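To start, the structure itself, in structure tokens.
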Amino acid sequence: HAKAAGRNGVVLFERAMLADAQDKLTLERDLALALDNGELAMHLQLQVDHRGAPAGAELLMRWRRADGSMVRPDIFIPVAESSGMIVSLGHWALRQACEAWLALAAAGHAMPLSINVSPLQFRQPDFVQQVRAVLAETGAPPHQLIFEVTEGLLIEDIGQTIVRMRELAGLGIRFSVDDFGTGYSNLAYLRQMPLYELKIDKSFMHGTPHDVNGTAIVQSILSMAGHLGLRVVAEGIETQAQASYLAEHGQPHMQGFLYHRPMPLGQVLERLGIAPSTPAGAAALPAQAQ
Ligand code: C2E
Ligand code: MG
Ligand code: MG
Ligand code: MG
């Protein structure tokens with residue numbers, strides 16, 4: 001009996017794996033065409049200061065298939081990473097960020113823009129050169145760009161990572177540690193890196209201020225960042241209670257649905273109250289999906 005059930009379990013498991021592998025192949029194949037087919041767009045999510053005023057934005061990739069369905073980044077970004085496609089997508093995303101910055105600036109709303117940089121992209125031998133080229137071609141100011149990296153990048157190949165980060169910091173680029181607290185970064189190493197910002201992961205904000213454990217982590221990140229002289233952005237702010245807590249504890253910048261959802265650049269410009277004249281920078285930006 002037990003043996004039969006075990007065998008059945010194995011068969012089911014294999015089927016699930018096969019289905020997964022099939023899905024992954026389909027996603028990989030479709031994603032390879034998505035950029036050329038105009039199915040990808042970069043949305044922007046405004047971040048606010050403790051008074052609720054816009055203080056920057058994060059660019060987030062969106063994939064809308066031809067049939068109108070959306071694929072979540074949690075699904076397609078890992079596929080793009082394992083297939084290597086993230087390198088070209090990341091390069092495209094960086095250019096979009098530069099162009100978005102120019103459009104915002106032309107409308108009188110220059111603000112730092114954050115962009116997620118995947119470890120694979122960061123480790124490309126010509127990454128610094130690519131960044132330099134995009135900056136030169138677009139004319140976007142490097143000190144207005146924040147590269148969000150994850151703790152995973154900061155614990156592997158630390159020597160190389162630091163050298164490269166310093167090189168990019170030399171250009172003016174700033175660095176933020178995304179999803180801070182969910183990885184295993186070594187605090188001693190963090191101090192050697194040219195960091196500008198920590199982003200408190202939304203999983204810790206979720207229970208703040210009601211859950212004791214999450215709140216304790218939020219509090220210790222805020223205090224550590226204060227000691228290290230780092231700026232903090234708290235992610236996943238959905239409630240007034242969370243915002244009020246942060247207003248009383250360090251007043252970090254905030255990013256979350258309570259304030260602004262990710263949206264196409266056009267909607268961000270509308271939200272910020274832009275004069276209708278079309279600036280040169282905006283014209284260069286292709287129409288966003290959605
Ligand atoms: P992330 O970099 O940590 O981005 C923040 C995520 O939190 C975004 O999810 C955003 O939509 C979501 N978010 C913002 N405010 C709230 C809130 O109040 N509540 C909740 N529940 N969620 C909120 P999104 O856009 O689905 O992206 C997921 C992840 O995919 C990102 O996490 C990032 O790791 C990755 N990703 C997205 N775009 C890119 C990209 O252009 N390049 C790379 N390498 N990764 C990207
Ligand atoms: Mg991010
Ligand atoms: Mg995050
Ligand atoms: Mg993340």
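This one's a predicted model, so the numbers in the text were calculated from it and none came from an experiment. All values below come from the heavy atoms of this structure, side chains included, with hydrogens, waters and symmetry mates left out. Just so you know, ligand 1 is whichever comes first in the structure, and atom 1 is the first atom listed for that ligand. One-based numbering along the sequence shown.
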Ligand 1 atoms nearer than 4.0 angstrom to some heavy atom of Ser118 are 44 (N)

**Message:** With the threshold set at under 4.0 angstrom, would you say Glu58 reaches ligand 1 through any of its heavy atoms?
**Reply:** yes

Of all N, O or S atoms in Asp179, the one closest to the Mg ion (ligand 3) is OD1

Check: of Lys199, Arg62, Lys202, min heavy-atom distance to atom 12 (C) of ligand 1 comes from Lys202

Honestly, for Ile77 the part within reach of ligand 1 (heavy atoms, under 4.0 Å) is side chain

**Request:** Could you tell me whether Pro73 and ligand 1 have an N or O pair separated by under 3.5 Å?
**Result:** no

More than 12 heavy atoms of other residues, nucleotides or ligands under 6.0 Å from CD of Gln240: is that the case? yes

Looking only at heavy atoms, the pair that brings Met263 and Arg271 closest together is CE-NE, 3.5 Å

Q: Ignoring angles and geometry beyond distance, decide whether Met61 reaches within less than 3.5 Å of ligand 1 through its nitrogen or oxygen atoms.
A: yes

Checklist entry - Judged by non-hydrogen atoms, does Arg261 sit under 4.0 Å from ligand 1? => result no

### Query
Judged by modelled atom types alone, do Gln47 and His253 share a side-chain donor-acceptor pair under 3.5 Å?
no

Under 4.0 Å between a Lys/Arg side-chain N and an Asp/Glu carboxylate O for Arg72 and Asp74?
-> yes

query: Counting backbone and side-chain atoms alike, does Glu235 have an N/O/S atom under 2.8 Å from the Mg ion (ligand 2)?
result: no

Exercise for the section: Apply side chain to side chain contact (heavy atoms under 4.5 Å, CB included) to the pair Phe180 and Val232, showing each step before the final yes or no. Expected result: CA-CA 10 Å; Phe180 186 74; Val232 177; over 6 Å; no

Among the N/O/S atoms of Asp178, the Mg ion (ligand 3) lies closest to OD1

Nearest heavy atom to atom 42 (N) of ligand 1, choosing from Leu59, Ile237, Asn116, Leu94, belongs to Asn116

Sorted by chain and residue number, the ring-ring contact (aromatic ring centres under 6.0 Å, His included) partners of Tyr196 (sequence neighbours excluded) come out as none

Heavy-atom proximity to atom 15 (N) of ligand 1 ranks first, among Met42, Met70, Gln45, for Gln45

The atoms of ligand 1 lying under 4.0 Å from a heavy atom of Pro262, numbered in the order shown, are 11 (O)

Restricting Glu148 to its N/O/S atoms, the closest one to the Mg ion (ligand 2) is OE1

Shortest non-hydrogen pair, Lys199 vs Gln255, comes out as NZ-OE1, 2.8 Å

**Request:** Just say parallel, tilted or perpendicular for the rings of Phe147 and Phe127, cut-offs at 30° and 60°.
**Result:** tilted

message = Taking a cutoff of less than 4.0 Å between a non-hydrogen atom of the residue and any ligand atom, is Gly90 in contact with ligand 1?
response = no

Taking only non-hydrogen atoms of Gly256 and a 4.0 Å limit, the atoms of ligand 1 in range are 15 (N), 18 (O)

For Arg72, state whether at least one heavy atom is located under 4.0 Å from any atom of ligand 1. no

d(Leu25 CG, Asp30 CG) to nearest 0.5 Å is 10.5 Å

The Mg ion (ligand 2) -> Glu58, closest N, O or S atom is OE2

*Should we say atom CD of Gln160 is surrounded by more than 12 heavy atoms from elsewhere, each under 6.0 Å from it?*
no

Taken to the nearest 0.5 Å, the spacing of Glu39 CD from Phe76 CZ works out to 11.0 Å

Heavy-atom donor-acceptor pair, Gln121 side chain to Val117 backbone, under 3.5 Å:
no

### Query
Does Ser114 bring an N, O or S atom to within less than 2.8 Å of the Mg ion (ligand 2)?
no

Rounding to 0.5 Å, atoms CE (Met205) and CE (Met254) come to a distance of 9.0 Å

If you compare Gln242, Gln121, Glu238 by their heavy atoms, the one closest to atom 20 (C) of ligand 1 turns out to be Glu238

For Asp74, the ligand 1 atoms with a heavy-atom partner under 4.0 Å come out as 28 (C), 29 (C)

**Study point:** Stepwise side-chain hydrogen bond (donor to acceptor under 3.5 Å, both in side chains) test for Glu58 and Asn116
**Key:** CA-CA 8 Å; Glu58 176 176 11; Asn116 296 283; 2.8 Å; yes

Any heavy atom of Glu235 under 4.0 Å from ligand 1? The part involved is side chain

Within the 4.0 Å heavy-atom cut-off, what Asp179 brings close to ligand 1 is side chain

